Amino acid sequence: MARIFQIAQLGHPVLRRVAEPVAEIDASIHELVDDLFATSHEANGAGIAAPQIHVSRRVFILSIRPSPRYPNAPSLEPTAVINPEILWASEECEKDWDGCLSIPGIRGRVPRPTTIRVRYQGLDGEYVEREFSGFAARVFLHENDHLEGKTWLDHVEDNRDIVTEKEYLRQLDGGQ
């Protein structure tokens, strides 16, 4: 049965460690993925990485769908990502909103490539090559950053691009 974990908060050392590769996709990895989906769903996340639940392994999930945190998000099938690699990233970048379950209460405008081509293992151990664009590419890159010991704050170009969650939601509503 999937468990809901406490999410590591900014400042916890696990968030700044480079995560360990997964050598074997066994029952413990399947359990970890179930726990990541349950924890992300409970927190209205668009994804979550293993280091965010205090497990320093190269695993994250994408659970992109409209939610209170991301009301305009598209829907993407839930995806388990193990040992990801970024194969290619577009030169075209877009500066848009990032938020993080490990950094509650604030959002920031972060430049990220608009399209990426990636390779990762699924739960069956098979390698998948896939292209992501738009919001899905942003979330993939955000979660992959956690495996490298980085957060979106490391990519902010100007501190004036950081706002509170309340201001972010106000701006989404057209600044009302």
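Model, not experiment: these values are computed from the prediction. All residue numbers in this chain count up from 1 along the given sequence.
- Between the side chain of H30 and the main chain of L123, a donor-acceptor pair closer than 3.5 Å is present.
- A distance-only check finds no donor-acceptor pair linking the side chain of E148 to the backbone of D145 [under 3.5 Å].
- At least one cation-pi condition fails for R107 and W97: the charged atom is not both under 6.0 angstrom from the six-membered ring centre and inside a 45 degree cone around its axis.
- Within the 4.5 Å cutoff, the side chain of C100 has heavy atoms near those of the Q52 side chain.
- E20 places no side-chain N or O within 3.5 Å of a backbone atom of S56 that could act as its donor or acceptor partner.
- One finds the OG1 atom of T151 at 7.0 Å from the NE2 atom of H146 (value rounded to the nearest 0.5 Å).
- By the ring-ring contact (aromatic ring centres under 6.0 Å, His included) test, F132 pairs with F140, sequence neighbours left out.
- Contacts of R160 classified as salt bridge (Lys or Arg N to Asp or Glu O under 4.0 Å), with partners at least two apart in sequence or in another chain: D158.
- Annotation for K150: atom NZ does not count as buried by contact number, only 12 or fewer foreign heavy atoms lying within 6.0 Å.
- Evaluation of the side-chain contact (heavy atoms from CB on, under 4.5 Å) rule for E167 yields V163, T164, R170, Q171 as partners, not counting sequence neighbours.
- In this structure a side-chain-to-backbone donor-acceptor pair under 3.5 Å is present from T39 to D35.
- R16 is linked by a side chain to side chain donor-acceptor pair (under 3.5 Å) to D154, counting only residues two or more places apart in sequence or in another chain.
- Other cluster members for L15: V14, joined by side-chain heavy-atom distances under 4.5 Å among Ile, Leu, Val, Met, Phe, Trp and Tyr.
- Judged as a side-chain contact (heavy atoms from CB on, under 4.5 Å), and not counting sequence neighbours, the contacts of D96 are E94, R109, R138.
- Looking at residues two or more places apart in sequence or on another chain, you find a side-chain contact (heavy atoms from CB on, under 4.5 Å) between S28 and D26.
- For F5, there are no ring-ring contact (aromatic ring centres under 6.0 Å, His included) partners two or more places apart in sequence or in a different chain.
- Open room surrounds CD on Q6; 12 or fewer heavy atoms of other groups in view lie less than 6.0 Å from it.
- Around the NE2 atom of H155, the shell of radius 6.0 Å holds more than 12 heavy atoms that belong to other residues, nucleotides or ligands.
- By the ring-ring contact (aromatic ring centres under 6.0 Å, His included) test, H12 is found to be paired with H54, residues two or more places apart in sequence or in another chain being considered.
- For residues 73-83, the pairs satisfying side chain to side chain donor-acceptor pair (under 3.5 Å) are E77-R130, N83-Q121, with sequence neighbours left out.
- By the side-chain contact (heavy atoms from CB on, under 4.5 Å) test, N159 is found to be paired with I162, residues two or more places apart in sequence or in another chain being considered.
- For S102 (side chain) and A8 (main-chain N/O), a donor-acceptor pair under 3.5 Å exists by modelled atom type.
- Contacts of F37 classified as ring-ring contact (aromatic ring centres under 6.0 Å, His included), with partners at least two apart in sequence or in another chain: none.
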